[in-house]
Amino acid sequence: MAVINRIEEMQHITLENRTPKEASVMMLIYPKDGIPHFVLIERTTSTGKHSGQIAFPGGRKEKTDHDNSVTALRETEEEIGVDRNDQHLVMPLTSIYIPPSNYMVHPYLAFAKAELTFTPQLSEVKSVIEIKLSDLLNHNNKKRTTLSTSYMKEVSVPCFYFGEVMVWGATAMMLQEIKDVFIAAGLK
């Protein structure tokens, strides 16, 4: 799910001189009307490189976070109001370096046993997006689109479409890994 230009760039990047900032995100699966869902957020519009993008809840590691999983739990609680005690960690996913913002992002998979009510942190979250897990597993939702960003112009990118919601970039790469894990486990 990586853009060809990004794959080429990543083959030549050494992180030794970059000192990336640390961040963590959470793919949180939960029941809604008896159907497994996961949550994404639409970031508020700002001057940041990831302004307005669709992403998992998460953010920068703080000095008080003793590891990256704590960052994911804390940030999910702060951004969408899900108490960290209601998030049950399942596993870490593959960390990914984000060149435009110089972040090393550590994704985690967690589940909640009960239906959730979301309280978005309005300074960072424009909207909360609930998606059926079956929509991720639907092969017809994987597409390509052309877009321009502050650092790329008119580039064809692989993406997922969930109705009107388009997910690309690092979040799409993380979603693909989750999809692969579920398919390998026999969930289709």
Side-chain angles (χ1 to χ4, degrees), residues 1 19-46 48-98 100-137 160 162 165 167-182 184-185 187:
M1 293 300 290
T19 317
K21 299 167 275 191
E22 300 282 322
S24 295
V25 298
M26 184 70 76
M27 180 172 182
L28 182 60
I29 298 174
Y30 58 96
K32 179 177 180 181
D33 299 324
I35 299 169
H37 281 68
F38 65 95
V39 64
L40 296 171
I41 61 168
E42 179 183 5
R43 297 210 173 279
T44 56
T45 303
S46 67
K49 294 204 183 296
H50 304 293
S51 169
Q53 290 183 358
I54 306 300
F56 289 115
R60 183 184 301 207
K61 186 175 184 180
E62 294 182 359
K63 291 177 184 176
T64 56
D65 296 339
H66 70 270
D67 67 27
N68 293 312
S69 68
V70 171
T71 304
L73 292 163
R74 177 186 52 75
E75 283 286 338
T76 301
E77 183 173 19
E78 289 175 7
E79 287 193 344
I80 60 173
V82 177
D83 188 288
R84 64 189 81 189
N85 295 316
D86 293 332
Q87 303 173 53
H88 305 282
L89 285 175
V90 175
M91 63 187 278
L93 301 168
T94 304
S95 297
I96 184 168
Y97 176 65
I98 315 294
S101 57
N102 192 35
Y103 268 96
M104 180 62 74
V105 177
H106 307 280
Y108 288 85
L109 174 64
F111 73 93
K113 294 178 182 176
E115 290 200 25
L116 300 174
T117 302
F118 300 105
T119 307
Q121 182 181 31
L122 299 178
S123 62
E124 294 187 36
V125 178
K126 181 176 179 181
S127 64
V128 172
I129 303 162
E130 297 179 90
I131 298 174
K132 291 179 186 175
L133 186 58
S134 61
D135 289 345
L136 174 62
L137 300 174
F160 288 102
F162 304 114
V165 177
V167 182
W168 65 283
T171 304
M173 288 184 258
M174 294 173 213
L175 281 171
Q176 184 62 53
E177 182 177 6
I178 290 292
K179 181 176 181 175
D180 292 344
V181 166
F182 285 141
L187 184 63

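Counting only residues at least two apart or on different chains, the salt bridge (charged side-chain N to carboxylate O under 4.0 Å, His left out) pairs with a member in residues 81-93 are Glu77-Arg84.
When the ring-ring contact (aromatic ring centres under 6.0 Å, His included) test is applied to Phe160, the partners found at least two apart in sequence or on another chain are Phe162.
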Worked check of side chain to side chain contact (heavy atoms under 4.5 Å, CB included) between Tyr97 and Asn102: CA-CA 7 Å; Tyr97 176 65; Asn102 192 35; 2.7 Å; yes
Step by step, work out the side chain to side chain contact (heavy atoms under 4.5 Å, CB included) result for Val90 and Ile29. CA-CA 10 Å; Val90 175; Ile29 298 174; over 6 Å; no
Check step by step if side chain to side chain contact (heavy atoms under 4.5 Å, CB included) holds for His37 and Val39. CA-CA 7 Å; His37 281 68; Val39 64; over 6 Å; no
Criterion side chain to side chain contact (heavy atoms under 4.5 Å, CB included) on Arg60 and Thr71, from CA distance to verdict: CA-CA 7 Å; Arg60 183 184 301 207; Thr71 304; over 6 Å; no
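Contact of the Phe111 side chain with the Leu89 side chain is not registered, since no non-hydrogen atoms from C-beta on lie closer than 4.5 Å. You'll find the side chain of Lys61 reaches within 4.5 Å of the side chain of Asn68, heavy atoms only. At a threshold of 4.5 Å between non-hydrogen side-chain atoms, the residues Glu124 and Glu78 do not count as touching. Gln176 places none of its side-chain heavy atoms less than 4.5 Å from the side chain of Met173.
Rounded to the nearest 0.5 angstrom, Phe56 CZ and Ile129 CD1 are separated by 11.0 Å. With values rounded to the nearest 0.5 angstrom, Leu73 atom CG is found 9.5 Å from Asp65 atom CG. The line from NZ of Lys132 to CG of Leu137 is 13.0 Å long, rounded to the nearest 0.5 Å. We find the CG-CG distance between Leu136 and Leu175 to be 5.5 Å, quoted to the nearest 0.5 Å. Here the CD atom belonging to Gln53 is positioned 11.0 Å from the CD1 atom belonging to Ile41, to the nearest 0.5 angstrom. With values rounded to the nearest 0.5 angstrom, Glu22 atom CD is found 10.0 Å from Tyr103 atom OH.
The minimum heavy-atom distance between Pro31 and Ala112, with the atom names listed, is CD-O, 3.2 Å. Taking each heavy atom of His106 and Ser95 in turn, the nearest pair found is ND1-OG, 2.6 Å. The minimum heavy-atom distance between Leu109 and Met26, with the atom names listed, is C-SD, 4.3 Å. Residues Pro107 and Met174 approach most closely at CB-SD, 3.7 Å, considering heavy atoms. Between Glu115 and Asp33 the shortest heavy-atom distance is OE2-N, 2.9 Å. The two atoms that bring Ala55 and Thr171 nearest to each other are CA-OG1, 3.6 Å, heavy atoms only.
Using a distance-only test at 3.5 Å, with no hydrogens or angles considered, a donor-acceptor pair links the side chain of Gln87 to the main chain of Val82. Between the side chain of Glu177 and the main chain of Leu93, no donor-acceptor pair closer than 3.5 Å is present. Judged by distance alone, the side chain of Lys21 and the main-chain N or O of Ser101 form a donor-acceptor pair under 3.5 Å.
In this pair, Tyr30 and Phe118 present their aromatic rings perpendicular. The plane angle is above 60°, beyond the 30 to 60° band.
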